[in-house]
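The structure appears below as structure tokens.
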Amino acid sequence: MTENKAVNINSGWLDTLYTKFVDLSCNMLIATVKKGPIPKHIGFIMDGNRRFAKNNKIETRMGHLAGFSSLQNILKWCLRLDVKAVTVYAFSIDNFNRPKDEVESLMELAKVKIYELTENRQVENMQEFIEEHRLRIRSIGKLDLLPTDVREKMEEITFKTKDNNGPVLNICIPYLSTHEISTAISSVSQQVSNGTLDPEDITESLIESNLFTNDSPQLELIIRTSGETRLSNFLLWQASKNVLIKFVDVYWPEFTLLKLVGILLDYQIEKLQQKE
Ligand SMILES: CC(C)=CCC/C(C)=C/CC/C(C)=C/COP(=O)(O)OP(=O)(O)O
């Protein structure tokens, strides 16, 4: 009995010490990398949740849940690093071709997590974090493909955070870059056909101003986890403008601050080389 108690006290003390050590290390890493240029807008292809689940012998659903936790951590670090926009590929239009129960569980996860945020519940201090950083959350993509309840939750959080004047989190769900570009072109053609736009005034920047990311700063970095080296129809137009693309060999739920900092240092070296 006494022995157990002693072990509990010791492990509590060690946990606290460990947490403090981790916090301190994270703060130091963030302060160090912030001395150099930080990309204003980062896109993440959050890949590898299912392989993470398989490797760890857990259900696919739990892999996606671990992916959501990873998203929360990475978002927090990005905001502390003063990144102004984070765009995440949460669900591709093609993902609707996955097994029905996986699609349903991903939709449920999206709905529940967004519900927790909109209803002002504590999601590991996430609500506090949104308030503190005045974060705007937007869902972008072909929203009418979402089940009504999920779409409503997405629209609700976009509405609730629309007047926040801090950074923006763009959640691509369900998204394909080619759909985004064709939607922009269609909106421009509409203006031509109703006589509000002269075809001669169609420029690259006009098309760009009709993309879903039109109110985010220029994309400067894309990170894809899981070792895959493709863009998989993510931010193709935005990626054409001097964007550094980094492929990392870890699954999304395993992506750490240390990995992010390593990539940011590469980004800073590249910036310095471009200046020379
Ligand atoms: C509400 C919200 C924003 C939720 C985010 C949750 C999350 C991280 C979703 C990503 C889903 C997804 C298709 C990941 C890709 O890994 P994969 O499933 O393709 O894994 P694999 O590459 O190993 O097959």
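Predicted model, so just to flag it, every value in this text is computed and none were measured. Just so you know, ligand 1 is whichever comes first in the structure, and atom 1 is the first atom listed for that ligand.
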Short N-O contact, D94 and R98, less than 4.0 angstrom: no
Do the two ring centres, one from F91 and one from Y175, sit under 6.0 Å apart? no
Atoms in ligand 1 with a heavy atom of L71 nearer than 4.0 Å: 3 (C)
Just which atoms of ligand 1 are under 4.0 Å from any heavy atom in R98? 13 (C), 17 (P), 18 (O), 19 (O)
So if I count the atoms of ligand 1 from 1 in the order they appear, which ones are less than 4.0 Å from some heavy atom of A110? 1 (C)
Does a side-chain N-to-carboxylate-O contact under 4.0 Å join K246 and D266? yes
Compute the minimum heavy-atom distance from K113 to ligand 1 and say whether it is under 4.0 Å. no
Can you name the atoms of ligand 1, numbered from 1 with element, that are less than 4.0 Å from a heavy atom of R51? 21 (P), 22 (O), 23 (O)
Is ligand 1 less than 4.0 angstrom away from at least one heavy atom of G48? yes
Within ligand 1, which atoms have a heavy atom of N95 less than 4.0 Å away? 13 (C)
With a 6.0 Å cut-off (strictly less than), is the heavy-atom count around CZ of F96, excluding the residue itself, greater than 12? yes
Can you sort out which atoms of ligand 1 are near G67, meaning under 4.0 Å from one of its heavy atoms? 8 (C)
R136/D163 ion pair, N-O < 4.0 Å: no
